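Worksheet: the structure to be examined is printed underneath.
Note: hydrogens, waters and symmetry copies are ignored here, and every other heavy atom, side chains too, is used. Treat the numbers as computed from the prediction; the structure is a model and nothing was measured.
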Amino acid sequence: MKAARIYLSVLCLTVGFLFGFSPAEKKSKATWIWQSEMIGREKQEILDFCKRNDINLVYLRIEMNKPYEYYRDFIREATEMGIEVHAVAGHPAWALKSNEKRMMNIVHWVKSYNHEAQKNERIRGIQLDIEPYLLPFWENDQKRIIREWQANVQAFTEEVSEDEELVSSAAIPFWLDDIPVPGQEDMSLSKWMIGQFDTVCIMAYRDTLSGQNGILNLIDQEMKEADELEKRVLVAVNMKPLDEDHASFAEEGPALMQQQLEQLPALLAQHPSFSGVAIHDYRYWKEAAPLPPATKQRYKGTYIWRAELIDTEKEEILSFAEQNGLNLLYVRLDLEQPISYYRDFVKEAREAGIEVHAMGGHPIWALSESRSKIMKLVNWVKAYNEAVSTEEQFHGIHLDIEPYVLPVWREDKEAVLRQWMGNIEAFVEETKKETSLEVSVDLAAWLDKTPTPGQPELPFSHWMIKQLDHTTLMAFRDRAPGIIGLVENQMKYAESLQKKLVVAVETKESHEGNGITFHEEGMGEMDRQLDLVTKVLDRYSSYWGLAIHAYDYWKNGKE
């Protein structure tokens, strides 16, 4: 018996060496991101999701019309977290000889990108997802399509293999083992495909492991073929809702899916080709798995309205921020200054753990005729961020508009609101194009009493909150109950959307009456009242902290 165990151990090790990896090697856990715009607008959310779910491989669809720079930050940060990023591309028509050039474009793009990129910014592999059986003439002309598909696959893998650092892979359905290769009737199409690539993802789209129609039975032949060919296999399942419930875990949910997938390493231990699992895809998986309650570091921020202070009081500002525990600065920009004017300040602030958001605004920016002024700010910030290193970049763009001080607000408030809405939509759309910049605005807390044009049952503040990454509610009162009363309904609404709200208070002297500002009470009393605000509002996941208006008045405020 002991001799038998020794023999078995030696055999396992031998198999491991033959395959180039040991049975104990960490398995892959992969997902697909088909909407490449997501890495621009929710990069951190994606990376956090990967961390929570132990994902170490992402198949990212590449839009080749985007500049290389668009992908670098995401890939670098993923790589630093131990996540490989592979490009994925494909279309059913790519199986046809007439589309070989289109298919090869992704290989040439990746090679060119990697040549320009730093080592930790490089794409580690390319996956084909072609699925020609979706073509309308698959049933009638299957053999011809398969032959052309094979030729294109061979051209693809030959080109990829010229770069030893690139992994070639493909997503294939589990039923290709039922189709013989034209002209080689003793070989299944699945075996032929597995033999061409370094790795294959078998799309085993079922919601149970066992039984005749379960995952294990459906992939059995492919696992044996991959063992024989010494290739790697990822077993892929689906979270996308489908008409056929048994083909997806959408109905069962991510918890049951995870329970099933956790059993696979033991159940497939006899297959040295088994290299992990893949879940299709990030978007549906994320939607099926609500975010856990965030353990967030609340904001404490202030406003710097005089752009010249970045130059004349840089050290004083950063020292003030440290003394007061600030981690958020809204900084008004002077667009006439060169890019170099802001670099040192932003870098030193970020090194101190402070988010710096570029700020601009004026009441007339609510009007359609002033939209170009907003676009000028957005384009300046985007150009700045592209020109500087990551640690020198602005985290977001913040607008302070407040059109209710204009005479036209009293004359035709609805017209002003409609123009304001159009400008905000344009602001968000333009800022989010190919960037991960956060968008935010200042908003008078009392606008929850103003109906939205065209949607009279929706408070205007709710419409605004829905558009933005975070909204700063100007709750200018000097007692906790008054502040809370102005914002609490909006906290509830923002929580339902998983949006962030910051509560702003005033320290500037005001002639609007008592109860507006902490100018008279002093900064010590402000701190006591804001502690009470936080104790009450902290029950809401939408509450992300405080902003004190503004640096100039706060630093000179009485104790």
Side-chain angles (χ1 to χ4, degrees), residues 42 44-45 47-49 51-52 286 289-303 320-330 352-357 395-396 398 438-449 459 461-462 464-507 515-518 521-551 554 557:
E42 54 185 87
Q44 194 56 52
E45 185 178 345
L47 295 174
D48 290 344
F49 183 89
K51 184 176 180 180
R52 287 197 307 275
K286 177 191 71 168
L291 287 172
T295 54
K296 60 181 184 286
Q297 180 187 9
R298 286 188 295 268
Y299 283 136
K300 187 176 182 183
T302 195
Y303 299 75
F320 181 85
E322 182 181 5
Q323 291 167 14
N324 289 278
L326 303 187
N327 57 9
L328 172 66
L329 291 176
Y330 299 130
I354 301 169
E355 288 185 13
V356 183
H357 294 235
H395 188 87
H398 184 79
E438 189 162 305
V439 288
S440 62
V441 302
D442 283 327
L443 195 68
W446 50 261
L447 281 168
D448 64 335
K449 307 301 182 189
S461 63
H462 290 192
M464 191 71 81
I465 288 166
K466 190 174 182 180
Q467 313 308 310
L468 301 152
D469 295 316
H470 85 254
T471 303
T472 302
L473 296 175
M474 295 184 290
F476 289 178
R477 296 292 184 270
D478 62 6
R479 289 291 181 267
I483 296 167
I484 295 163
L486 279 174
V487 303
E488 194 160 19
N489 284 336
Q490 292 160 97
M491 287 288 165
K492 295 173 184 175
Y493 179 74
E495 186 169 57
S496 73
L497 300 179
Q498 296 186 344
K499 293 287 189 176
K500 301 186 293 187
L501 297 183
V502 177
V503 176
V505 295
E506 180 66 281
T507 61
I516 299 297
T517 172
F518 285 100
E521 290 80 5
M523 304 304 99
E525 182 61 22
M526 178 183 74
D527 290 340
R528 285 188 287 274
Q529 294 296 321
L530 294 183
D531 283 345
L532 295 173
V533 169
T534 291
K535 286 177 182 176
V536 173
L537 296 182
D538 208 35
R539 73 185 73 169
Y540 301 108
S541 61
S542 53
Y543 174 62
W544 273 70
L546 301 160
I548 289 84
H549 186 272
Y551 165 72
W554 184 9

Which distance, rounded to the nearest 0.5 Å, do you find between the [atom1] of [X] and the [atom2] of [Y]?
| X | Y | atom1 | atom2 | result |
| --- | --- | --- | --- | --- |
| Phe518 | Arg479 | CZ | CZ | 7.0 Å |
| Lys500 | Tyr299 | NZ | OH | 4.0 Å |
| Glu42 | Leu47 | CD | CG | 10.5 Å |
| Ile465 | Met491 | CD1 | CE | 8.5 Å |
| Asp478 | Ile483 | CG | CD1 | 7.5 Å |
| Met464 | Leu473 | CE | CG | 11.0 Å |

Using side-chain heavy atoms (C-beta onward) and a distance below 4.5 Å, is [X] in contact with [Y]?
| X | Y | answer |
| --- | --- | --- |
| Leu326 | Phe320 | yes |
| His549 | Met474 | no |
| Trp554 | Asn324 | yes |
| Tyr303 | Thr472 | yes |
| Thr534 | Leu546 | yes |
| Glu495 | Arg539 | no |

* Please report the closest heavy-atom contact between Glu506 and Thr517, naming both atoms and the distance. => O-OG1, 3.2 Å
* To do: Taking all heavy atoms of Tyr330 and all of Ala547, pick out the closest pair and write down the distance.
  => CE1-CB, 4.4 Å
* Are Glu438 and His470 linked by a side-chain donor-acceptor pair shorter than 3.5 Å? -> yes
* Asked: With distance as the sole criterion, is a donor-acceptor pair present between the side chains of Tyr493 and Ser542 under 3.5 Å?
  -> no
* **salt bridge (Lys or Arg N to Asp or Glu O under 4.0 Å) contacts in which one or both residues fall within residues 523-536, not counting sequence neighbours** => Glu525-Arg528
Counting N and O atoms only, with roles assigned by atom type, does the side chain of [X] sit under 3.5 Å from a partner on the main chain of [Y], one being a donor and the other an acceptor?
| X | Y | answer |
| --- | --- | --- |
| Glu355 | Leu328 | no |
| Lys499 | Leu468 | yes |
| Asp469 | Val439 | yes |
| Thr302 | Ile548 | yes |

* Ser461: partners by side chain to side chain donor-acceptor pair (under 3.5 Å), with sequence neighbours left out -> Gln490
* Asked: Taking only residues two or more places apart in sequence, or in another chain, which ones meet Leu486 in a side-chain contact (heavy atoms from CB on, under 4.5 Å)?
  -> Ala445, Ala475, Arg477
* Exceeds 12 heavy-atom contacts within 6.0 angstrom, atom CD of Glu322 -> no
